[in-house]
J.: 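After the structure tokens below, expect a handful of questions from me.
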Amino acid sequence: MSLVITGGRVIDPSREFDGKADILIDDGVIAEFGKKVRGSGDTLDASGLVVAPGFIDLHTHLREPGHEHKETIATGTRAAVAGGYTAVCAMANTEPPNDERAVTEMIIAEAARNGACRVYPIGAVSRGLKGEELAEFADLRAAGCVAVSDDGKPIANAQLMRRALEYAAMLQMPVVAHEEDLHLRDGGVMHEGFYSTLLGMGGIPAASEETLVARDVILAQLARAHVHIAHISTAFAIDIVRNAKRGGVHVTCEATPHHIALTDETVQSFSTNFKMNPPLRSAEHREALLEGIADGTVDVIATDHAPHHFDEKNVEFDLAPFGVIGLETAFSTCHDRLVRKRIIDLPRLIDLMSSSPARVFNLPGGTLRAGAPADIALIDINERFQVTNTFASKASNSPFIGETLQGRVVATIVGGVLQYDLRKPKQAKKKKK
Ligand SMILES: [Zn+2]
Ligand SMILES: [Zn+2]
């Protein structure tokens with residue numbers, strides 16, 4: 001089974017390519033890349049479209065096992081391909097948590113059966129996510145985990161974090177850190193600042209994130225290990241990472257589309273779709289995040305896709321769970337807010353969503369080189385559309401409903417198979433066997 005993608009503007013950040021090229025896919029891998037490539041099978045006309053390596057999300061909550069009323073591996077990966085993602089890394093805070101081999105194996109088996117894209121499990125740092133004793137990283141690694149994290153919770157105990165970093169380093173895995181001092185959060189529900197005072201809501205200070213980022217950068221240096229800071233959101237946290245990188249510490253970090261696009265001002269609507277953790281920060285923090293993206297301090301854009309059931313979110317702001325979905329709108333949001341606003345160019349955005357995540361977690365993909373898996377996103381950067389409350393995800397807790405965005409993924413190919421196709425019938429016609 002072969003397929004030639006012709007006539008598109010191909011952007012492959014893995015080798016700084018941006019130009020017209022054809023791509024021949026054969027047997028699930030990229031067989032040939034260049035001008036006037038021919039194949040014996042189908043042709044996909046990509047004229048007018050951008051052809052990019054499929055996106056890789058380092059931070060997805062698929063909710064299965066245990067919370068299938070929120071999302072499943074099947075629906076979460078459907079949402080992924082609808083956003084141009086060809087691989088997602090599944091966080092460990094399921095029920096039971098992914099703290100042992102059997103759970104990792106179940107996730108991989110279910111993804112192979114019903115998944116629309118690749119799924120790379122992330123194992124738990126601590127047994128039961130309790131923050132007390134380490135999980136068996138070697139077992140998790142052998143079963144297919146690509147990183148470890150207790151995401152959803154911080155590792156409060158610095159000694160446990162040190163041991164986790166040392167153990168993970170032996171296995172060449174990053175520790176993904178959800179940075180938050182729960183004592184400083186102290187029941188807060190939104191960013192501590194002008195709007196939390198105005199609205200009379202409990203604040204989460206920037207310091208609750210920054211203190212742990214500082215600690216973990218120091219511990220990563222001590223352990224000579226790789227710490228990956230999840231969903232970075234404050235100005236000082238970005239400064240800490242920037243300085244640590246200069247000092248040679250192996251630290252990487254990710255930013256979410258919602259922290260890139262939105263501020264705490266939106267909480268005035270009292271919509272629980274603006275409640276997430278870390279919270280939407282003030283405009284100054286958002287500016288610092290954009291600077292960190294522009295200067296390369298931020299390595300990756302990751303969604304922190306956190307689906308919740310409508311009934312769980314349909315309560316008072318104080319009582320609602322933290323988290324928003326993001327897979328289906330990530331590219332459009334970031335294209336609209338970063339590329340159209342000239343913070344970064346399109347090849348750099350594609351790098352932040354595909355090639356760079358592959359490098360940071362050492363995953364296959366993120367490239368269109370011959371021999372690579374045929375994981376590809378086709379993008380129409382001129383299409384404007386309004387985000388509605390209809391999603392491929394089981395959940396609809398998106399902070400972007402109602403927004404008009406420009407730039408949209410129109411088709412996604414995973415391992416040579418068209419897993420998502422939004423193209424008009426005219427563009428979609430191919431078969432000429
Ligand atoms: Zn988190
Ligand atoms: Zn998360």
Side-chain angles (χ1 to χ4, degrees), residues 56-64 66-67 70-71 73 76 79-80 83 85 88-95 97-99 107 119-126 129-131 145-156 161 164 174-182 184-185 188-191 204 206 208-213 215-216 227-234 237 241 252-260 273-281 289 298-308 312-313 320-327 330 357 360-361 393 395 397-399:
I56 299 173
D57 191 24
L58 299 188
H59 194 144
T60 305
H61 296 274
L62 289 176
R63 304 301 195 200
E64 185 175 0
H67 299 128
K70 296 176 195 268
E71 191 82 285
I73 290 167
Y85 287 93
V88 297
C89 298
M91 277 299 176
N93 63 340
T94 48
E95 191 68 49
N98 183 15
D99 63 356
I107 293 166
V119 174
Y120 299 113
I122 295 176
V125 167
S126 68
L129 305 173
K130 291 201 173 88
C145 286
V146 296
V148 287
S149 182
D150 274 3
D151 182 61
K153 292 178 179 178
I155 309 286
M161 186 62 168
V175 175
V176 182
H178 169 115
E179 303 295 38
E180 179 180 29
D181 183 314
L182 293 177
L184 284 171
R185 189 218 285 179
V189 295
M190 68 176 290
H191 175 62
I204 304 174
S208 105
E209 177 174 334
E210 291 156 352
T211 48
L212 257 73
V213 171
R215 182 200 73 178
D216 289 343
V227 66
H228 177 76
I229 311 292
H231 42 53
I232 199 162
S233 74
T234 84
V241 170
T252 52
C253 70
E254 68 190 30
T256 73
H258 47 270
H259 290 113
I260 288 167
N273 288 344
F274 298 110
K275 181 174 178 182
M276 66 290 279
N277 191 11
L280 296 174
R281 301 288 185 186
L289 185 63
V298 173
D299 299 272
V300 164
I301 290 171
T303 67
D304 197 5
H305 178 85
H308 290 293
E312 296 167 310
K313 275 289 203 182
F322 291 104
V324 295
I325 57 170
L327 287 167
V360 167
F361 273 20
S393 167
N397 51 314
S398 164

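Everything numeric here is computed off the predicted structure, so don't read it as measured data. Both counts, for ligands and for their atoms, begin at 1 and track the order of listing.
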J.: Less than 6.0 Å separating the ring centroids of H308 and H67?
T.: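 No - the distance between ring centres of H308 and H67 does not fall below the 6.0 Å cut-off.
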J.: Which N, O or S atom name in D151 marks its closest approach to the Zn ion (ligand 1)?
T.: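 This turns out to be OD1.
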J.: Output the atom name for the N/O/S atom of D304 with the smallest distance to the Zn ion (ligand 2).
T.: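 This turns out to be OD1.
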J.: So what does the H61 NE2 - the Zn ion (ligand 2) - H59 NE2 angle come to, to 10°?
T.: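 Seen from the Zn ion (ligand 2), NE2 and NE2 are separated by roughly 110°.
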J.: Need the atom name: nearest N/O/S atom of H178 to the Zn ion (ligand 1).
T.: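 Sorting the N, O and S atoms of H178 by distance to the Zn ion (ligand 1) puts ND1 first.
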J.: Rounded to the nearest 0.5 Å, what's the gap from CZ on F361 to NE2 on H228? Could you check?
T.: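 Reported to 0.5 Å precision, the distance equals 5.0 Å.
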J.: Calculate, to the nearest 0.5 Å, the distance between atoms NE2 and CD belonging to H61 and E71 respectively.
T.: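 Those atoms lie 11.5 Å apart.
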J.: With rounding to the nearest 0.5 angstrom, report the CD1 to CE distance, I325 to M276.
T.: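 Reported to 0.5 Å precision, the distance equals 11.0 Å.
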